[in-house]
There are 2 protein chains.
Amino acid sequence: MITTSPRRVFAALSDPTRQQLVDWMAAGETGTATEFAERLPISRQAVSRHLSELAGAGLTIGTRRGKEVRYSFDAAPLSDATKWLEARAELWEGVLGALAQHLSAD
Amino acid sequence: MITTSPRRVFAALSDPTRQQLVDWMAAGETGTATEFAERLPISRQAVSRHLSELAGAGLTIGTRRGKEVRYSFDAAPLSDATKWLEARAELWEGVLGALAQHLSAD
DNA sequence: CACTCGTGCAATCGTTATGTTGCATATAAC
DNA sequence: GTTATATGCAACATAACGATTGCACGAGTG
């Protein structure tokens with residue numbers, strides 16, 4: 001199993017256009033660069049590069065069907081990213097807990 | 001309560017230096033730009049700007065104590081970002097579930 | 001085969017990000 | 001008051017990002 005770096009996922013999700021693409025595809029839509037470009041204010045090539053970056057983060061999979069490449073979603077990297085966030089949140093909770101204990105012990 | 005945009009949080013966490021700073025601070029360490037710069041291969045000013053970007057995402061809080069500004073962590077924005085990720089993951093789970101149901105109904 | 005449609009790659013351009021250095025300012029210590 | 005320390009701001013160089021245009025390639029269609 002390929003583990004996608006959370007950093008890569010965060011970078012992919014830091015752009016509004018890519019967030020929009022993820023929203024569409026996570027809702028079950030598939031599409032080609034050309035199709036998505038019709039719904040966005042940017043060119044097909046720009047959309048294509050955004051889809052490539054999402055693919056680099058493991059969030060999309062492009063499948064060639066005839067002359068078109070249809071992109072669909074893959075949620076797997078989201079769980080790695082979620083774990084990364086939760087690990088830091090829990091670490092911080094532990095720090096706050098230790099601090100509270102230290103204060104009450106005085 | 002100020003809700004920090006998940007996009008801003010993702011952008012903040014997409015840089016290795018800022019991830020390192022978050023790791024340190026989420027573990028309970030506090031520090032000044034000067035202190036952190038001693039442990040990083042970049043200048044104090046560069047660290048200061050990273051801390052500012054983290055502060056912009058709501059992940060750090062800088063407190064002036066005498067002549068120094070000491071930065072500490074705030075985990076609150078992490079939960080918004082986690083929710084964003086989980087919402088998409090659940091959406092996708094629903095899509096997969098509907099697809100499975102559709103296939104079994106045929 | 002000629003034509004169309006979709007994609008992919010390269011060059012280009014403007015903007016933003018990341019880093020540096022230099023200098024100014026404010027606070028604490030002598 | 002002078003000195004040392006820490007920060008803040010501005011100017012600058014370089015790299016990366018987001019987008020564009022132009023052109024070439026591949027896959028279907030007449």
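Chain A is the first sequence line, chain B the second, and so forth, proteins listed ahead of strands; every chain is numbered from 1. The analysis underlying the following values was restricted to heavy atoms, covering all of them including side chains, and did not include hydrogens, waters or symmetry mates.
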By nearest-heavy-atom nucleotide on DNA chain D, the more 5' of A:Ala46 and A:Arg65 is A:Ala46
Applied to residues 64-73 of chain B, the side-chain hydrogen bond (donor to acceptor under 3.5 Å, both in side chains) test, sequence neighbours excluded, yields B:Thr30-B:Arg70, B:Glu35-B:Arg70, B:Glu68-B:Arg70
Among the nucleotides D:dT7, D:dG18, D:dA6, whichever has the atom closest to the side chain of B:Lys67 is D:dA6
Mind checking whether A:Phe36 and A:Trp24 have parallel, tilted or perpendicular rings, split at 30° and 60°?
parallel
Closest non-hydrogen contact found for B:Ala81 with B:Val9 is CB-CG1, 4.0 Å
With a non-hydrogen cut-off below 4.0 angstrom, is A:Gln45 in contact with a base, only sugar-phosphate, or nothing?
-> base
Taking the six-membered ring of B:Trp84, is NZ or CZ of B:Arg88 closer than 6.0 Å to its centre and within 45° of its axis? yes
> For A:Thr34, which contact category applies under a 4.0 Å heavy-atom criterion: base, sugar-phosphate, or nothing?
Replying inline: sugar-phosphate
One should read off an interatomic distance between A:Leu59 CG and A:Leu54 CG, to the nearest 0.5 angstrom, of 6.0 Å
The correct set of residues in residues 7-20 of chain B placing a heavy atom under 4.0 Å from DNA chain D is none
B:Glu35 atom CD is separated from D:dT7 atom C1', nearest whole Å, by 13 Å
DNA chain C: first to last nucleotide in contact with chain B (atom under 4.0 angstrom from a heavy atom), 5' to 3', is C:dT18 to C:dA28
